Amino acid sequence: MKIFLLLMVFAMTISNCFAQECCEPKESNILILYYSQTGVTKKVAEELQKQLGADIERLEVTKPYDGNFDETIARCIEESKKGELPHLRPFKADLKKYDVIFLGYPVWFGTYAKPVITLVNSFKFAGKQIVPFCTFGSGGLVETTEQLKKALPMAKIQEGYGIREARIAKVEEEVERFLTLSGFIAGEAEIYPDYSEQKPVTKEDVEIFNAACSGYKFPLGTPITVGSRKAGNAIEYLYFVNGKSPNGQDVESKIYIRVEKNKKPEFTLVVR
Ligand SMILES: Cc1cc2nc3c(=O)[nH]c(=O)nc-3n(C[C@H](O)[C@H](O)[C@H](O)COP(=O)(O)O)c2cc1C
């Protein structure tokens, strides 16, 4: 009888331990920390949160950027002239708790939005793995990733994810592919081949370029050469383009274009 009771107590203790382990919410070591003025970057942040199950926090500034596009541009120019940066409201997340921080922002003037400039001026993220993510009208992922590497030399800045505001409807499938390829979630994603060698553009290449780019609010330049690759059901193109900067200087850029079957070509990223 004694032995039977001892065995019962032992079995109950073991099952309690398992129950606790499986049912207590696990603390995430991933934080999604982002700024979003008009809600586009917020959509990416929330998709990341959904797929990663990570903690999430939106950065807020004491004097919100609540004007329209032109008013925000004017305010930013004025602040830059005065050397001013916005002040962040204190945020709840304890950064010490996290090993990985997905840092999100809209691209403003070719760099991360001003609230994120304030953030990286105040926190050095030493020893943290930073995964940048951003949204933009035309581009800025590659440039801002490089800028973050300079601004945060004590952090490990990973390759990030960016999407044009106009393509935000693709966020779910693109985030899944990004998180799978970067090893954050389990699954399989096709690895696309490299682009073919750059060759002078043909009339058809120019037509594809114009179909993708001519509707954009700013001119994106003249395509000179192009390479391509098969990417799942789509063909992707990498154009080398000559254009002018807003102050009239010659600039070269790379423009990535994706053509899905029976769909209008769309540009996915400009790298200047
Ligand atoms: C002040 C300002 C500057 C911007 N500068 C750029 C830029 O340099 N390059 C770009 O591609 N988009 C630029 N944009 C467009 C935003 O990056 C884009 O609309 C973004 O998706 C907005 O994200 P949000 O809704 O999270 O604020 C700018 C927008 C604003 C308001």
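Whatever order the structure lists them in is the order used to number ligands and atoms, beginning at 1. In this text, all values refer to a predicted model and were calculated from it rather than measured experimentally. We're numbering straight along the sequence, starting at 1. Quick note: numbers below take in every heavy atom, side chains included, and nothing from hydrogens, waters or symmetry partners.
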Ligand 1 to Tyr216 polar contact by distance, N or O atoms, under 3.5 Å: no

Distance-only polar pair, side chains of Glu176 and Gln51, donor-acceptor under 3.5 Å: no

Could you check whether Glu146 pairs with Lys149 (Lys NZ or Arg NE/NH1/NH2 to Asp/Glu carboxylate O, under 4.0 Å)? yes

Taking only non-hydrogen atoms of Gly110 and a 4.0 Å limit, the atoms of ligand 1 in range are 7 (C), 8 (O)

Numbering as shown, the atoms of ligand 1 that approach Thr41 to under 4.0 Å (heavy-atom distance): 23 (O), 24 (P), 26 (O)

How close does the nearest protein non-hydrogen atom get to atom 25 (O) of ligand 1, and which residue and atom is it? Thr38 OG1, 2.3 Å

Atom 3 (C) of ligand 1 [closest protein heavy-atom partner, distance rounded to 0.1 Å]: Trp108 CA, 3.5 Å

Distance-only side-chain donor-acceptor flag, Thr135 / Glu165, under 3.5 Å: no

Nearest non-hydrogen protein atom to atom 21 (O) of ligand 1, with distance, is Thr135 OG1, 2.7 Å

Between Tyr65 and ligand 1, find which residue part has any heavy-atom pair under 4.0 Å and reply side chain, backbone, both or neither. neither

With no hydrogens and no angle check, just 3.5 Å: does a side-chain donor-acceptor pair link Tyr65 and Glu79? yes

Suppose I only count heavy atoms of Gln37 and a 4.0 Å limit; which atoms of ligand 1 are within that range? 24 (P), 26 (O), 27 (O), 31 (C)

Has ligand 1 got any nitrogen or oxygen that is less than 3.5 angstrom from a nitrogen or oxygen of Ser36? yes

Does this structure show an ion pair linking Glu143 with Arg272, if we count only N-O contacts that are shorter than 4.0 Å? no

Work out which heavy atom in Trp108 is nearest to a heavy atom in Ala113; give both atom names and the distance. CD2-CB, 3.5 Å

Residue selection (non-hydrogen contact nearest atom 15 (C) of ligand 1) among Pro106, Gly137, Ala113: Gly137

When you compare the side chains of Thr202 and Asp205, does any donor N or O come within less than 3.5 Å of an acceptor on the partner? yes

Which residue and non-hydrogen atom of the protein lie closest to atom 14 (N) of ligand 1, and at what distance in Å? Val107 O, 3.2 Å

Gly140: heavy atom below 4.0 Å from ligand 1, yes or no? no

Within ligand 1, which atoms have a heavy atom of Ile73 less than 4.0 Å away? 1 (C), 2 (C), 3 (C)

Under 4.0 Å from a heavy atom of Gly139: give me the atoms of ligand 1 that qualify, with their elements. 9 (N), 10 (C), 11 (O)

Side-chain donor-acceptor pair present, Tyr161, Glu174, cut-off under 3.5 Å: yes

Residue, atom name and distance, where the atom is the protein heavy atom closest to atom 5 (N) of ligand 1: Phe109 N, 2.9 Å

Has Gln198 got a side-chain atom pairing as donor or acceptor with Val226's backbone, closer than 3.5 angstrom? yes

Closest non-hydrogen protein atom to atom 11 (O) of ligand 1, residue and atom name please, with distance? Ser138 N, 2.7 Å

Of the protein's non-hydrogen atoms, which lies at the shortest distance from atom 19 (O) of ligand 1, and what is that distance? Glu165 OE1, 2.6 Å

Residue, atom name and distance, where the atom is the protein heavy atom closest to atom 29 (C) of ligand 1: Phe69 CE1, 3.5 Å

Between Ser138 and Lys217, do the side chains contain a donor N or O and an acceptor N or O under 3.5 Å apart? no

Gln37 versus Thr72, side-chain donor and acceptor atoms under 3.5 Å: yes

